[in-house]
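Questions regarding the structure given below will be posed in turn.
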Amino acid sequence: MTRTAKRLSIWKLMLLGTVFGVSGAIALSGDVVPAKVKSERIDPTIEEMIKQARGLQKVGRWDAAADLLTQLANDGHPVALYHLGRAYKNGWGVDADLAQARLIFMEAVRYSFSFRGETAYELGRLFQRSSGERCAEIALQWFKKALVWDYPKAHVQLAKHYERGIGTERNLPAAFDHYEQAAIHGYPSSTINYARILLTGRYGTIADPERAAFWASRAIEGLEKKARDGSASSAKTLGRIFRDGEFLPADLSQAKDWFLRSADLGDAGAMHDLGQMILASDPDEDSIQNALNWLRLAAKAEHGGALTALGRLHLREVYGLPSQEAVDFFERGVDVGHPGAMEELGRLYAVGQHVPQDRTKALELAGKGADRGHQGSARLLKEIQKTDEANLTVIERSTQPNQSKTEG
């Protein structure tokens, strides 16, 4: 599918730039929007045009939908801004641009309108994918606001933040509460995560296989219904369950079918998983190219896992891929907050491969990845620190004055 870049008008970009500049501080301060909140204009004609745009998206006419949404967004309609922000986030009819998506969502959330909670949720997701110093903390605050504005899907992300201690202290009781609330509100992908914790007794909790089976059964039933109704995310999760043999016998054929359904619906994560699954199956040349095409589509949508996977393939020069292009993929992966890319780029800086050697930069990248709970980054951090300590010891010894074995 050909995607053409769409841009908001100059005056709108200037306004969004101002909003973006204070977006993080606003979220952390608790005052997510200015004191004067805009109200949504009710206009039947505009509502009909938005429905038309959404209909175009559902039949795959992404470019036409993006054109219509851009026209309405330029006029300041918040629902159009919300859907246009999602288009930029996912690359639907426009080039994927996470910074642009964040700007558009920041303008939309200033309105009191029906998708305000969803907009706060999307902002949280975008801050999750950013690598700034306080982005995880800002993301957490947006998810809390999404709950305040009656968007219960925020329970899904809040559960992850409290489970892993992302942007906050780890709080397992809070995490489990959010997981159960997500299950009650019908978010089966989150329910599966909760079932995994119950099954394995992760984090020192007591394993509860019976309770895990209950939540898993409920989740799988919900996933199948949502996937058949057109949910790309649910289809992706089912693909992972069948691929990994979680709670059901492994079935790679079914896994591939679910991944393909999700990928066809535009889910970048499913594109990544499908590509990786094909490459892991001893593929022929045609299958290899098919897998690489799926990974490239996911990377075009700025999917961190796909960017990192392609970087690793280039670095190893498999399938005839040039190794020098690995750095660009890893840098883009770091930009969207993928810890695997942080580890890989950190290793390159540590040894000076394809980039100038810079151990300070390597430490910074490894530290960011480790802060996100990534084990590879944590190992790299320890390796660098251990090497630096050893080098420091040698230097210290060399600077000590020689002492004679005998005195006088």
Side-chain angles (χ1 to χ4, degrees), residues 121 124-125 127-129 136-137 139-144 146-147 151-227 231 233-251 255 258-259 262 267 269-270 272-273 276 304-305 337-340 369-379:
Y121 178 87
R125 293 289 282 160
F127 274 103
Q128 277 183 333
R129 296 174 69 175
E137 187 180 349
L140 182 73
Q141 297 306 317
W142 279 117
F143 293 134
K144 289 180 178 179
L147 276 188
Y151 191 58
K153 191 175 181 180
H155 285 297
V156 174
Q157 299 304 326
L158 286 168
K160 292 179 182 179
H161 275 259
Y162 285 116
E163 176 196 344
R164 302 171 190 173
I166 303 172
T168 184
E169 294 293 326
R170 176 177 286 169
N171 186 333
L172 292 181
F176 293 168
D177 179 64
H178 284 295
Y179 271 126
E180 293 199 6
Q181 288 298 317
I184 291 168
H185 284 90
Y187 296 103
S189 296
S190 180
T191 309
I192 279 290
N193 289 336
Y194 185 40
R196 290 172 182 140
I197 296 172
L198 294 172
L199 181 66
T200 59
R202 198 183 305 166
Y203 308 118
T205 60
I206 299 174
D208 191 339
E210 185 175 344
R211 196 171 171 207
F214 167 78
W215 284 113
S217 174
R218 182 170 176 174
I220 291 169
E221 182 181 346
L223 286 168
E224 290 177 341
K225 181 179 184 304
K226 292 185 74 172
S231 169
S233 176
S234 296
K236 175 180 64 181
T237 302
L238 282 169
R240 290 172 176 173
I241 290 171
F242 280 107
R243 178 194 63 193
D244 301 334
E246 281 190 308
F247 307 107
L248 290 172
D251 188 329
W258 284 118
F259 282 144
S262 179
D267 191 286
H272 163 263
D273 289 0
Q276 293 283 62
H338 193 268
D371 287 344
R372 293 170 182 255
H374 186 252
Q375 293 183 356
S377 296
R379 286 193 296 269

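Basis for what follows: all heavy atoms, side chains included, without hydrogens, waters or symmetry-related copies. For clarity, every value in this text was computed on a predicted model and none was experimentally measured.
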Checklist line | Minimal non-hydrogen separation, Gly239 against Ala255, with atom names | finding: O-CB, 3.3 Å

Checklist line | Arg240: salt bridge (charged side-chain N to carboxylate O under 4.0 Å, His left out) partners, not counting sequence neighbours | finding: Asp273

Margin query: So which atom in Lys226 and which in Gly186 form the shortest heavy-atom distance, rounded to 0.1 Å?
Written below: NZ-O, 3.7 Å

Next item on the list: Please determine which of Ser262, Ser190, Ser189 meets the side chain to side chain donor-acceptor pair (under 3.5 Å) test together with Thr237.
Entry: Ser189

Item checked: Pairs satisfying salt bridge (charged side-chain N to carboxylate O under 4.0 Å, His left out), at least one member in residues 189-214, at least two apart -> Glu163-Arg202, Glu180-Arg211, Arg196-Glu246

Notebook entry, point to check: If every non-hydrogen atom of Leu158 is compared with every non-hydrogen atom of Leu140, which pair is closest and at what distance?
Noted result: CD2-CD1, 3.5 Å

Note to self: Nearest 0.5 angstrom please: Ser377 OG to Asp371 CG, how far?
What the structure shows: 9.5 Å

Check: Do His161 and Gln128 come within less than 4.5 Å of each other through their side chains, counting heavy atoms only?
Finding: yes

Next item on the list: Kindly compute the distance separating OH (Tyr187) from OG (Ser233), expressed to the nearest 0.5 Å.
Entry: 11.0 Å

Check: Centres of the His178 and Tyr162 rings: under 6.0 Å?
Finding: yes

Note to self: Checking Glu224 now: which residues fulfil side chain to side chain contact (heavy atoms under 4.5 Å, CB included) with it, not counting sequence neighbours?
What the structure shows: Ile220, Arg228, Leu238

Note to self: By the definition ring pair (Phe, Tyr, Trp, His ring centres under 6.0 Å), identify the one residue from Phe127, Trp142, Phe143 that meets it with Tyr121.
What the structure shows: Phe143

Check: For Gly369, does its backbone N or O pair with a side-chain atom of His374 as donor and acceptor, under 3.5 Å?
Finding: no

Item checked: Pair Asp267-Phe259, side chain to side chain contact (heavy atoms under 4.5 Å, CB included): steps then yes or no -> CA-CA 9 Å; Asp267 191 286; Phe259 282 144; over 6 Å; no

Notebook entry, point to check: With side chains defined as the heavy atoms from C-beta onward, is the minimum distance between His185 and Gln181 less than 4.5 Å?
Noted result: yes

Checklist line | Test side chain to side chain contact (heavy atoms under 4.5 Å, CB included) applied to Ala195 - qualifying residues, sequence neighbours left out | finding: Trp215, Ala216, Phe247

Item checked: CA sep, side-chain torsions, deciding dist, call: Ile241, Leu223, side chain to side chain contact (heavy atoms under 4.5 Å, CB included) -> CA-CA 11 Å; Ile241 290 171; Leu223 286 168; 3.8 Å; yes

Next item on the list: Please report the closest heavy-atom contact between Gly269 and Lys236, naming both atoms and the distance.
Entry: C-CD, 3.8 Å

Checklist line | Closest approach of Leu147 to Pro152 (non-hydrogen atoms, all atoms of both residues) | finding: CD2-CA, 3.9 Å

Next item on the list: Can you run down the side chain to side chain donor-acceptor pair (under 3.5 Å) pairs that involve residues 164-177, sequence neighbours left out, and say none if there aren't any?
Entry: none

Next item on the list: First locate atom CG of Leu198, then atom CG of Asn193, and finally report the distance between them rounded to the nearest 0.5 Å.
Entry: 11.0 Å

Next item on the list: Heavy atoms only: give me the nearest Ala154-Ala146 pair and the separation to one decimal.
Entry: CB-CB, 3.8 Å

Notebook entry, point to check: Taking only residues two or more places apart in sequence or in another chain, which ones pass side chain to side chain contact (heavy atoms under 4.5 Å, CB included) with His272?
Noted result: Gln276, Leu295, Ala298, His303, Ala306, Ala309

